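If you're wondering where the values come from, they're calculated on a predicted model, not measured in any experiment. Order of listing sets the numbers, starting from 1, for every ligand and every atom in it. Quick note: residue numbers are just sequence positions, from 1.
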Amino acid sequence: MPSFSDKQEILLEIISLLSKILDLEEEGNLAHGLRVAELSQGIARQLNHGKPSQLFVAGLLHDIGGMSLEKHVLHYALDNFHDMDARNHAASGAKILQSFHPFHPLVGWVADHHERYDGTGFPAGKSKHDITSEAGILHLADLLDIFSREHPQATLKEIRTFLNRQSASSVAPVIVEGAKRLFSTPESLGLLKEGAPGKPATATMEISFPEINAIAIPELICQLLWLTAQMADCKGAKRGFHSNRVAFYCHRIAKAFHSPEVDPLQALWAGLLHDIGIRSLSGEELKKDPALLATTSVLYQQHPLLSAPGGECQGE
Ligand SMILES: [Fe+2]
Ligand SMILES: [Fe+2]
Ligand SMILES: [Fe+2]
């Protein structure tokens with residue numbers, strides 16, 4: 001158990017975990033949230049935006065509302081979001097973030113991260129100055145990551161041409177200018193490779209959320225892990241608040257031990273997190289009877305390992 005002396009560090013560790021859970025599909029190699037975070041922060045710095053670290057966090061969590069979808073929200077992006085459930089992911093994400101007070105500034109940014117400058121975005125069809133610069137930065141970072149996945153060998157010229165096409169159509173021209181300053185040298189193409197598997201997600205990142213200083217550390221961890229648990233529990237209709245109930249039972253059972261070796265708080269945290277590997281299963285699979293699912297689905301049998309990579313599979 002590490003000594004948690006820095007609340008900002010706890011916040012960063014747990015939201016990185018949230019982002020990883022969302023990206024658990026594709027063998028954990030997706031790192032979409034991390035790339036959008038790095039790109040959003042980079043564009044914000046070029047624009048002398050006052051909140052690059054908040055934009056980093058918003059980038060990590062921008063698709064959090066897509067956790068209940070059949071496939072990763074990225075795949076809907078390629079279909080232009082004709083699926084209504086997929087179109088709801090921005091509003092759903094905003095609602096989840098609303099439940100953690102220090103994230104309130106991020107709520108509107110995440111709600112609008114698919115709005116477009118020309119008014120053809122969703123969910124509200126906002127346009128031009130009705131869209132905040134933060135939502136525009138997230139949108140452009142999102143598009144850049146999708147483009148660079150589709151064109152992994154894209155040259156600097158092709159990236160800049162892509163950015164020019166987004167000016168006054170996807171986002172405000174000033175945001176495109178910031179992104180073009182970010183992509184001004186061949187070395188800058190390395191930014192599109194950020195979040196590669198194995199790279200520590202937050203190795204050099206510092207964030208600043210002064211609002212969390214008023215929250216005691218155990219309470220902070222509980223609130224953030226509660227957010228994390230929602231990602232597993234929203235995945236299947238039969239799972240509503242399952243992790244919260246397991247956490248409650250773990251806490252009560254651990255307390256009954258009356259032993260200094262059994263920490264009820266840690267038991268509660270483990271209960272909240274025990275099923276996060278469920279995120280990698282399709283909604284279709286989770287509709288099956290749990291007993292049938294346990295015997296037929298290899299991914300289900302592996303979900304404890306996805307919840308705790310490196311641990312031994314103990315089942316439930
Ligand atoms: Fe999105
Ligand atoms: Fe996205
Ligand atoms: Fe469970």
* Asked: Taking side chain as C-beta onward, heavy atoms only, is Phe56 less than 4.5 Å from Leu12?
  -> yes
Here the vertex angle at the Fe ion (ligand 3) for NE2 of His242 and OD2 of Asp275, given to 10°, is 100°
ask   = Going by the angle between their ring planes, with limits at 30° and 60°, are His89 and His114 parallel, tilted or perpendicular?
value = perpendicular
Salt bridge (charged side-chain N to carboxylate O under 4.0 Å, His left out) pairs touching residues 160-178, sequence neighbours excluded, are Glu177-Lys180
Q.
Checking Glu134 against Gln54 for the side-chain contact (heavy atoms from CB on, under 4.5 Å) test, could you report, in this order, the C-alpha distance in whole Å, the side-chain angles of both residues, the deciding distance, and whether it holds?
A. CA-CA 10 Å; Glu134 293 86 357; Gln54 279 88 341; over 6 Å; no
Near the Fe ion (ligand 1), meaning under 2.8 Å, the protein N/O/S atoms are Asp63 OD1, His89 NE2, His113 NE2, His114 NE2
A quick test of your reading: do over 12 heavy atoms of other residues, nucleotides or ligands sit less than 6.0 Å from CD of Gln153? no
Pair His101-Gln223, side-chain donor/acceptor within less than 3.5 Å: no
